[in-house]
Structure formats: C-alpha cells, structure tokens
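In this chain, numbering begins with 1 at the start of the sequence shown.
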Amino acid sequence: MTVRHRHVTRRHATQPAAAVASEGGGLLGPHAVVVRPRHLVVGDGVCRSFAVVGYPREVGYGWLAPLFEHPGRLDVSLHVEPMRNDLAAERLRRQQARLESARRVDAAKGRLADPGIEVAAEDAAELSSRLARGQAKLFRLGLYLTVHATDPDALEAECARVKALVSSLLLDAVPATFRSLQGFVTTLPVGIDNLSMRRTLDTDALSAAFPFSGVDLAGAGGVLYGTTVTGSGIVCWDRFALDNHNSVVLARSGAGKSYLAKLEALRSLYDGVEVFVVDPEDEYRRLAHAVGGAYLHLGAPGVRLNPFDLAPGPDPLTRRALFVHTLVAVLLGEKPDPAATAALDRGVLAAYASVGISADPRTHARPAPTLADLTRALEADPDLAATTLSARLAPFTTGSYRQLFCGPTTTRPEGHLVVISLRDLPDELKAAGTLLTLDAVWRRVADPANRKRRLVVVDEAWLLMRDPEGAKFLFKAAKSARKHWAGLTVVTQDAADLLGSDLGQAVVANAATQILLRQAPQAIEAVGDAFGLSDGERAFLVSARRGEGLLSTAAHERVGFCAVASPAEHDLVTTDPAELARVEDPDDGDDLDL
C-alpha cells in the first residue's frame, strides 16, 4: 500500500486539537454544524476556510512560521503528495515547451521579452536539470487555513488580520466560498483534501515549509531540549559538535534545572552516549532503575571508593599522590602548610610502600593502601607536622566519618548510566564525596583503552565549588574533558559560588553551552554581567516559568526555549512530591543497585 497523502495540522496553543469537538462530543468534530456560504457555525463559534493559491518565487527556511505563531485560533493544514519522477519530468518538459513557445511568438512579433516568462523559463530549466541529476523531487502541496472566532463580527475582524498576515508573506489566499464544509474538513487532522487546490514545489521549498523549521532553531541533530518560547520551533543542540563539549546550567531553586539535566541525560542515552551522574539529592535513582543503569549509594553501609586506587596511565603513583593532597585539603577545609604538605607527601609514598607498591609498574596490581595506612605512616614520621596532620585525619580513619574510608573500593562505576548518590553522606563529607565520585568517574573517562562519547553531570556543583581545592579539581576536569571525548555538565543554583571566584568563572568560560533558567532578582545583575545579557533577556529570566530559559553559546548566540518531556519521560524525571506520590515505584528488581 502506498501512502499518497501526508497531513500536518497546526493549532494555536490556547485551543488544543481535541477542542474541535468541545461543544459536540465527537472525537474529531461536533455532532452538527450549520453550513453557510462563507462560513460555518460550529457549536458556539464560527469559522471560515481559505486556500492558498499564490506563492512567492523564493522562500526561506521557516517561511510558514508567522502562520504558526499567529496569536488567534488558526488551523494551518499542509497536504503533501509526492509526484513520480517520470511524471514530474514530463510535466516540466511540457512547461518548458509552453514557455519557449511563448518566448518565440513574442520574438517573432517584435515584442519585448516578458520578464515573467524569462524568469519562469530559467527556473523550469534549472529544476529540470536538478531533477535529472536526482538532486530534487517534486511534490504537490495544498496549504489551507481555517480561522475561528466567537461570532460573525469577530470572524470578519480575525479574517482581515489573517489575510494581512498572509499577504505579508507574499501568499495569495482565497476563501472557500460555497465550499465551507469541505474547507473545514480539509483542515481537520484526518488527511482528507476536499479542496484539491495544489501547487507544485520542489524538495527545498517543501522542507523549508516544515512546521518546526525557523530562525529560532538552535541547531541540527543532537539532543532535543524543547520548543522555542516565542514560536513553534524546536531547540536541538549537539554539544559534541562544538569546540568543547561542556555545559553549565544555572538557575534558582525550583526553576527546573535538575529536570532539564535528567531529560538531557536520558535523551543522550538514546544517542549512545555513556552518562555518569553525581547526584547529591538522590533525584536520579528512578531514572537509573528505569533504564537498567548502575546506582551507587555512597554513604550506605559497606559502600566505599578508595582514593588510593591507582588509575591506568603514565606515572600513576605520582598522579595518585597529587590527588590525595587535594582530598586531604578538602577534608581539612584548607590547604596544609608547607611543613604538613611535605609530611603528607612522605606519608603517601610510605603508605604505598607498606603494601608493596612502588614506582615499578609490576607492583601496581597489588591491593592499594587506605587512608588508615596513611595515618599510620604519618604517626611513624618523627616530624611534629606529620603527627599533627595524623591527628587531624583521625575522624576519617577511626572516628565518626571512618565509614567512607575504612576499607578498599567495594565497586567500580561501570555501565551506560551510572548514578552515584551522595544524599546519605553527612554535610561534612559532601564535598569530599563529590570529589571522590568525580575522581572515580574521571578514571573511566580518561581510560584510553575505552574511548567513547561520555557525559558527566555534576548536580548541585556548589557543594564542590565552595571549597577551593574542589573548585580547582572541577576546573581541571572542565579543561581536560574535550581531550577524552567527554562533556562536563555543571548544574548549580548558587550563582555566587560559581561566578564569585576566578575558578568558577573559568569553568563557565570552558563551557561552550550555557543554559540559564529562571533567576532570582537578587542574582540577576551578577548573572547578566557575567553572561552579557540584554535588559530584555534579564527581564525574561526573572519572570520565566518553570522549565523556560535561554540556551547560549560561547559565540553569544541565544535562543529562548521551554523544556518539553513526554508523559513517560516526565514520570521518570519529575521531583514534584505530589506527582511522585502518584507515580508507581519503577524498582522491579531488574536494575543494578550497587
């Protein structure tokens, strides 16, 4: 069976498609209509249909966008029928013959050349050549409009506005007089063209008429973020096609930043991207369960990530020692003084030596030491600075916070989606837990033997940015992500922590994709100055609804968008307590809960 008709209907957002039957009760229309010569009475309203019979010679992408964005209730229907190549070629030859005959008759009678015929002949010759080379196909397009209003007087005024809009697009629309019912049925989403007033278009012109094509389209391919705020376009963005693959999502609490981050993660999985999530509030668990991802509950009994584990790569022992320096600085809340730093460096090497690991690569497969081994090495050091440092680390080895560091790594983050939850960690360990998690993820990202596209999402990044050493580690990750074919997404609600430091601003500068959702009035000036926002953009972000925001690039190209999710996606990514109470727990035992 060959499908000959394709039907696209656009209805204004204030009147859903199902509202066609709102007064009557039928699925696609009311039980009865009153047919008049120039309009129909449908329930409590009236409508009039138009057929477009004249088109401009050239069109650009999104040339029908003004019709889709009309503020009134306007049904726009496109009926497309493909033409066979042999039939299209035959019709073009006939058209060329008629045009050439007209030109010769004018020349024989001494008339001046008709510019319209000259242009039409050139277009026909060019189209015929493209058709012969297989670069284009021909289609028959029917474009029909149905204008709705509450009464005949309002209908006349609304029709005048629509005709003015149509004329501004260089289109010629005629009313379906005495064919009102046929015009109304033609614009219903049933794929029936009762008017049959068609125009032949080539592939380029037809593709430019696609309802979601327009100047607001942020990119081609990639991940769907949502629809444009000011129009009917869609916003797709491919971060992996840019100079770097990082992004920053900045919004006030409740603006939908985590909702958008989860949507992007889910849709990135559709595209074969491996996703890692640092989840401080346990918001990604249902998503991980639904897609069969791995869920690592850091802070739960028996779940640990040993910071002394050696990673593949050149000089792993030195790299681990440097990371331990960063971790200790985060645990202590400050960078140790020079004497303590020197003692720490000696202690790290002594801890590795105590388990038989040295610079010799053949020893690197042995079990790694733990933080307790480091404190014992510090205690054995005669330097007073080493003893003091060991005492300061005691809470994390023998005290209240030892659970996270009291043994070897229990599991390694692997899978197409890995979510590491930090919710059950005490506040004093949140920054250290985030650092450990990022380190474990980055080992997999930086593994040269397993190179693929990866996305690393750091939600509530302010937990790490408020610590200088943690901010430095995040900055290094942002700088090196592109080299490993990975993208870092920094999601935070605290603009001050991100923009108030040089490292935070550097993280933003290394993000080619910048997403701003609703902002607090107190923070809009700092955000506006940092991102170079206009007064209108600042006002939009202050008053934006949940899920609305700006997608900006490093080249200061911006598009306003609204995040859109399907019902199934919404159930997986929402954090609204009222909605969560109605969503069935997706934990059916098929997921990998670590």
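Side-chain contact between Thr575 and Tyr259 is absent, with no heavy-atom pair separated by less than 4.5 Å. For the pair Thr150 and Asp44, the minimum side-chain heavy-atom distance is 4.5 Å or more. You'll find the side chain of Leu417 stays beyond 4.5 Å of the side chain of Tyr284, heavy atoms only. Between Val277 and Lys262, the closest side-chain pair of non-hydrogen atoms is not below 4.5 Å.
Every side-chain contact (heavy atoms from CB on, under 4.5 Å) that Val147 has, sequence neighbours left out, goes to Phe50, Leu74, Leu155, Glu158, Cys159, Val162. Every residue meeting the side-chain contact (heavy atoms from CB on, under 4.5 Å) condition with Ser247, not counting sequence neighbours, appears here in chain and number order: Arg239, Thr489, Thr513. Under the salt bridge (Lys or Arg N to Asp or Glu O under 4.0 Å) criterion, Arg252 pairs with no residue at all, not counting sequence neighbours.
A 6.0 Å sphere centred on CZ of Arg267 holds more than 12 heavy atoms belonging to other residues, nucleotides or ligands.
Looking only at distances, a side-chain donor or acceptor of Arg546 sits under 3.5 Å from a matching main-chain atom of Gly254. In terms of modelled atom types and a separation under 3.5 Å, the side chain of Ser180 and the main chain of Leu40 share no donor-acceptor contact. A donor-acceptor pair under 3.5 Å is absent between the side-chain atoms of Thr574 and the main chain of Asp571, judged by distance alone. Within the 3.5 Å criterion, the main-chain N or O of Thr146 finds no donor-acceptor partner in the side chain of Asp75. With hydrogens and angles disregarded, no donor-acceptor distance shorter than 3.5 Å links the side chain of Asn194 to the backbone of Thr186. Not one N or O on the side chain of His70 forms a donor-acceptor pair closer than 3.5 Å with the backbone of Arg161. Under a 3.5 Å cut-off, the side chain of Tyr144 and the backbone N or O of Met197 do form a donor-acceptor pair.
Counting only residues at least two apart or in different chains, salt bridge (Lys or Arg N to Asp or Glu O under 4.0 Å) contacts with residues 173-189 are absent. Sorted pairs that involve residues 143-152 and meet salt bridge (Lys or Arg N to Asp or Glu O under 4.0 Å), not counting sequence neighbours, are lacking altogether.
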Extract all donor-acceptor atom pairs below 3.5 Å that involve side chains of residues 526-536 and protein atoms in other chains or at least two apart in sequence.
| unit_1 | atom_1 | unit_2 | atom_2 | d |
| --- | --- | --- | --- | --- |
| Asp529 | OD1 | Arg538 | NH2 | 3.0 |
| Ser534 | OG | Glu537 | N | 3.3 |
| Ser534 | OG | Glu537 | OE1 | 3.4 |

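Interatomic distance, NE2 of His245 versus CG of Leu455, reported as 11.0 Å (0.5 Å rounding). Separation of atoms CD1 (Ile515) and OH (Tyr225) is listed at 4.5 Å; rounding is to 0.5 Å. Here the straight-line distance linking atom OG1 of Thr200 with atom CG of Leu206 works out to 11.5 Å at 0.5 Å rounding. Within the model, atoms CG of Asn510 and CG of Leu488 stand 10.0 Å from one another, a figure rounded to the nearest 0.5 Å. Taking CG of Leu269 as the reference point, atom CG of Leu287 lies at 7.0 Å (rounded to 0.5 Å). Summarising the geometry, atom CG belonging to Asp271 is positioned 7.5 Å from atom CG belonging to Asp238; distances are rounded to the nearest 0.5 Å.
Of the residues Leu550, Leu250, Leu517, the one that meets the side-chain contact (heavy atoms from CB on, under 4.5 Å) test with Leu541 is Leu550. Remark: of the listed residues Arg199, Glu81, His79, Glu81 is the sole one forming a side-chain contact (heavy atoms from CB on, under 4.5 Å) with Arg140.
Scanning all heavy atoms of the two residues, the minimum distance from Val235 to Phe561 falls at CG2-CB, 3.7 Å. Taking all atoms of both residues into account, the shortest heavy-atom contact from Val491 to Ala261 is CG2-CB, 4.1 Å. Scanning both residues, Ala481 and Asn246, for their nearest heavy atoms gives CB-OD1, 3.5 Å.
For the pair Arg453 and Phe240, the cation-pi test (distance below 6.0 Å, angle within 45°) is passed.
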Going through the checks in order, is the side chain to side chain contact (heavy atoms under 4.5 Å, CB included) test met by Tyr55 and Leu143?
CA-CA 10 Å; Tyr55 295 81; Leu143 175 58; 3.5 Å; yes
